[in-house]
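In what follows, a structure is listed as structure tokens, so that the remarks can point back to it.
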Number of protein chains: 2
Amino acid sequence: MFKWILVVVYRVVYSHSIRNISRCPCGQNLRNSSRFSTPQLKILEQPTNRIRYRYRSEKGSHGGLTGENSSQNKKTYPTVKLENYHSTAQVYIRASLYTNEERPKSHVHKLMGRHCNEEGHCTVPLSDNMIATFQNLGILFVGKKEVPDILYRRKLEETQVLHTSFISANPSLLSVREESERDAKDMNLNSVKICFEAFVYENDMSYAVSSPIFSRPVANQKSPDSGELKIVRMDKYCGPATGDEEVFLLCEKVNKKEIKIRFFETDSDGHQLWESFANFTEADVHHQVAIVFRTPPYRDQNIKSSVQVYVQLFRPRDGEYSEGRPFTYKPKEHDLDGVEKKRRKISHYNSGVEDISNNSNNGGNSGFVGNHSFTSLADSSHTTQSSRDSNNNNIGYYGHSSCSHDSTKRENCLQIKSNHLNRNYGPNRRKANLIENSITLFVN
Amino acid sequence: MFKWILVVVYRVVYSHSIRNISRCPCGQNLRNSSRFSTPQLKILEQPTNRIRYRYRSEKGSHGGLTGENSSQNKKTYPTVKLENYHSTAQVYIRASLYTNEERPKSHVHKLMGRHCNEEGHCTVPLSDNMIATFQNLGILFVGKKEVPDILYRRKLEETQVLHTSFISANPSLLSVREESERDAKDMNLNSVKICFEAFVYENDMSYAVSSPIFSRPVANQKSPDSGELKIVRMDKYCGPATGDEEVFLLCEKVNKKEIKIRFFETDSDGHQLWESFANFTEADVHHQVAIVFRTPPYRDQNIKSSVQVYVQLFRPRDGEYSEGRPFTYKPKEHDLDGVEKKRRKISHYNSGVEDISNNSNNGGNSGFVGNHSFTSLADSSHTTQSSRDSNNNNIGYYGHSSCSHDSTKRENCLQIKSNHLNRNYGPNRRKANLIENSITLFVN
DNA sequence: CAAGGGGTAACCCCCGCC
DNA sequence: GGCGGGGGTTACCCCTTG
């Protein structure tokens, strides 16, 4: 135990000697010591995977990082707990930003907020239950042009500390400059990890009491290469099983070179039965926020009744995808023709509910396609054409829906997003890939 | 005549004495002199009404101002002619930028290009036929932050020249600063006029030989408040006469607070018969480049056959509108039902040509709706589904076209833009509000 | 390279809500 | 008034094509 403390003290003094720009040296040496005796930090609540980084010039508070399970009603925040700590000395947890790499390095960006200092370190005291919550962590985006300079200065400082004797080839300042330039180019400015470290303070000195741990990555919401993928609106939610139906899709910023539109079908357990990708070119991506695509053919072009699948945006580079929107493949016209004419006399509502109940056993699935639930027409029949929810989104039927296969006008393919059920349905909300509480009517 | 030359010489010496930042003092005094004896500048070719202004940092050439009648095949450039000039001394024409105001003031932006100097003055010699053509005029965008300083310096220089005695109240430098700040805010940085002046040079002195004239305004193509309005794509080009059809429209950047969608109908002489505006809210404008709107009802909701009107974007602030796209109002379903079933047996192509010939007498109209021409199907039947022209635009049929009124799928409402006819159709090209050489098929 | 574009970085400001 | 968001502008940077 004594030996361990010595190691810790060495680390802290060393790290402070380099002008207070402390780094988490990943604590490999500590991690190897016995789990039974070593205090350990644990992340109780991870941060959300995305926040808009702010420039220094964007003064004022713009809201901090929430927890991954945060919701409109019940906000959570990044939270850590220190385990196996048995002393009575007050412990502080320090959070700071590191690169999103296998071996995280100190980032040029900084944490900012209530408990943060100029260097981007946020320190909060551990409460009695050994828990610390970070309620106000913003991420300060350090301008691209400043990056090489910052890295250069860090390198010089490190060199000084190591008395240069540690460095075999005596590097000229010029080569250090060049190295900094290269490193600056390599640094991903749109993704960071948060490093948490536990400290005790004594006589103006800080002593680490555990090895540092890193949060999951937090991406920059404003960057088109890491921002959230989101389908905002489509002009139709159905098409023929033969595919090649033209669809207008409005979305949040995407990179036209890095975006696909994925159609997929799952069974009632959420297992994927089929997938295919929509057809479009870079020229069909309109200013990053709209895509005109053609649907892929369904795996069976001779289906006799409608099949429900999902559409989602997909970014191969980082494997991200948007929530899925229900999409209905319809039988060929001539197959439908006889049926259609009979059906038309039946109440639209009745036939709609019929089809919904077919799908509602999807309600309890999980895994890849995430949590989602369907609700019966009775629950959402109060939503009317073009009604809007509090966020001014269209929650009535989504756009023009006739799929060029019959003459029943709009009512033949609606997508209704019920509003009043849109909250509090479990911890995996953020991972859900399907639009929540959506309902598709088939009125053939 | 001698007296007149004196006036001119005074003006030129005066204007040069203020450190070569010469202004056109609008030449009111000159304009009043006899038209018979005074040399006069005339604009033979106005500049286009829009160009993308370039920042100093956007180095290199990006193409200059063309003339208003310029076309892909035959480029024209701003051109002026000096009339009533009878001396043999070589005349030079100088162009420079002025504000787009009733009483134009020297602008902070500068002309740049082959014959331009650092101050933004472009000087070209008059040719033997008394004509000067400006082939390479770019507009340099001077940053917002620099504007107050520039205006401040100009004010100081003016004050010095006027020996302060001209100014009744001796203004403190502070109030000059404030005035500059105010003027800077008022200056429209996205619209300029070009001032043309004729000079002769003698012994390193320049002498104006005519009063200055100003071009029509040239707006900044990149500003969303003055850029060109353009409909890029729509998901359908027809709808029921009753209106309320949802349409997705992709466009170039618009300001959601300053944009309307106008439907209008003209008779064969181009006179307006009817207009109405589409229904949408600010929330339906998606990131400035897409609008989801609902069609207005046609003036007669009980039409028995299709009616062709036009859609265009309209910006009330400056009265600008985009080219019009043909849009077809269709009769109510039950009205059409009987007709439709009979028609379906007729060849689609035949019925298409029929309807086109109805419209083709629009070809020679002019005035408000501008020049446009229709071409028969025979001319453009080579365009195929989703084919693209050299600019990668869709020139095949535009999107999904079934208008929820019959089951004839896409073919029932096409818009084909013929490619090979897309040139050389007259001097008023830039004013045309209708999409050129477009053709609408009605296949009922 | 000229002649056009589209996209990004950095910044500025707007709302609705306590 | 300032928080918690969000959209839009400014200035800049780059890419296509001939």
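The sequence lines fix the lettering, A, B, ..., with proteins before strands; numbering per chain opens at 1.
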**OP:** Starting from P on C:dC11, measure out to NZ on B:Lys144 and report it in whole angstrom.
**Re:** 15 Å
**OP:** Would you mind classifying the nucleic acid contact of A:Gly60 as base, sugar-phosphate or nothing, using non-hydrogen atoms under 4.0 angstrom?
**Re:** nothing
**OP:** State whether a side-chain donor-acceptor pair under 3.5 Å links A:Gln135 with A:His115.
**Re:** no
Original post:
Whole-Å distance between D:dA11 P and B:Arg56 CZ?
Top reply: 11 Å
**OP:** Check every strand shown and say whether A:Lys256 touches a base, only sugar-phosphate, or nothing at a heavy-atom separation below 4.0 Å.
**Re:** sugar-phosphate
Original post:
Do any side-chain nitrogens or oxygens of A:Gln221 fall under 4.0 Å of OP1 or OP2 in D:dG5?
Top reply: no
Original post:
Any chance the rings of B:Phe141 and B:Tyr55 have centres within less than 6.0 Å?
Top reply: yes
Subject >> For atom CZ of A:Arg54 and atom C1' of C:dA9, their distance in whole Å >> reply: 15 Å
**OP:** Rounded off to whole Å, could you give me the CZ-to-P distance for the B:Arg50 and C:dA3 pair?
**Re:** 21 Å
Subject >> Upstream residue (5' side of DNA chain D) when B:Asn190 and A:Arg52 are each assigned their closest nucleotide >> reply: A:Arg52
Original post:
Under 4.0 Å between a side-chain N/O of A:Tyr55 and OP1 or OP2 of C:dA10, yes or no?
Top reply: yes
**OP:** Taking only the side-chain heavy atoms of B:His62 (C-beta and beyond), determine which of C:dG4, C:dC12, C:dG7 contains the nearest atom.
**Re:** C:dG4
Original post:
Base, sugar-phosphate, or nothing for B:Arg114, non-hydrogen atoms under 4.0 angstrom?
Top reply: nothing
**OP:** Considering just the side-chain nitrogens and oxygens of A:Asn136, establish if one lies under 4.0 Å of OP1 or OP2 belonging to D:dG4.
**Re:** yes
**OP:** Check the distance between C:dG6's P and B:Leu250's CG and give it to me in whole angstrom.
**Re:** 14 Å
Subject >> Closest-nucleotide 5' rank along DNA chain C - winner of B:Lys145 and B:Gly64 >> reply: B:Gly64
**OP:** Assess whether one donor atom and one acceptor atom, taken from the side chain of B:Lys222 and the base of D:dG8, lie less than 3.5 Å apart.
**Re:** no
**OP:** Round to a whole Å and report the spacing from CD of A:Glu58 to P of D:dT10.
**Re:** 16 Å
**OP:** Considering just the side-chain nitrogens and oxygens of B:Ser61, establish if one lies under 4.0 Å of OP1 or OP2 belonging to C:dA3.
**Re:** yes
Subject >> 4.5 Å side-chain heavy-atom contact, A:Asn49 and A:Val218 >> reply: no
**OP:** Let me know which of A:Thr79, A:Thr133, A:Thr66, A:Thr76 forms a side chain to side chain donor-acceptor pair (under 3.5 Å) with A:Glu45.
**Re:** A:Thr76
**OP:** Classify the nucleic acid contact of B:Lys75 as base, sugar-phosphate or nothing, counting any heavy atom under 4.0 Å across all strands shown.
**Re:** sugar-phosphate
Subject >> Whole angstrom value for the distance that separates C1' of C:dG4 from OH of B:Tyr53 >> reply: 17 Å
Subject >> 5' priority, DNA chain D, between B:Asp225 and B:Lys59 [closest heavy atom] >> reply: B:Asp225
**OP:** For A:Gln288 and D:dG7, give me the distance from atom CD to atom C1', rounded to whole Å.
**Re:** 14 Å
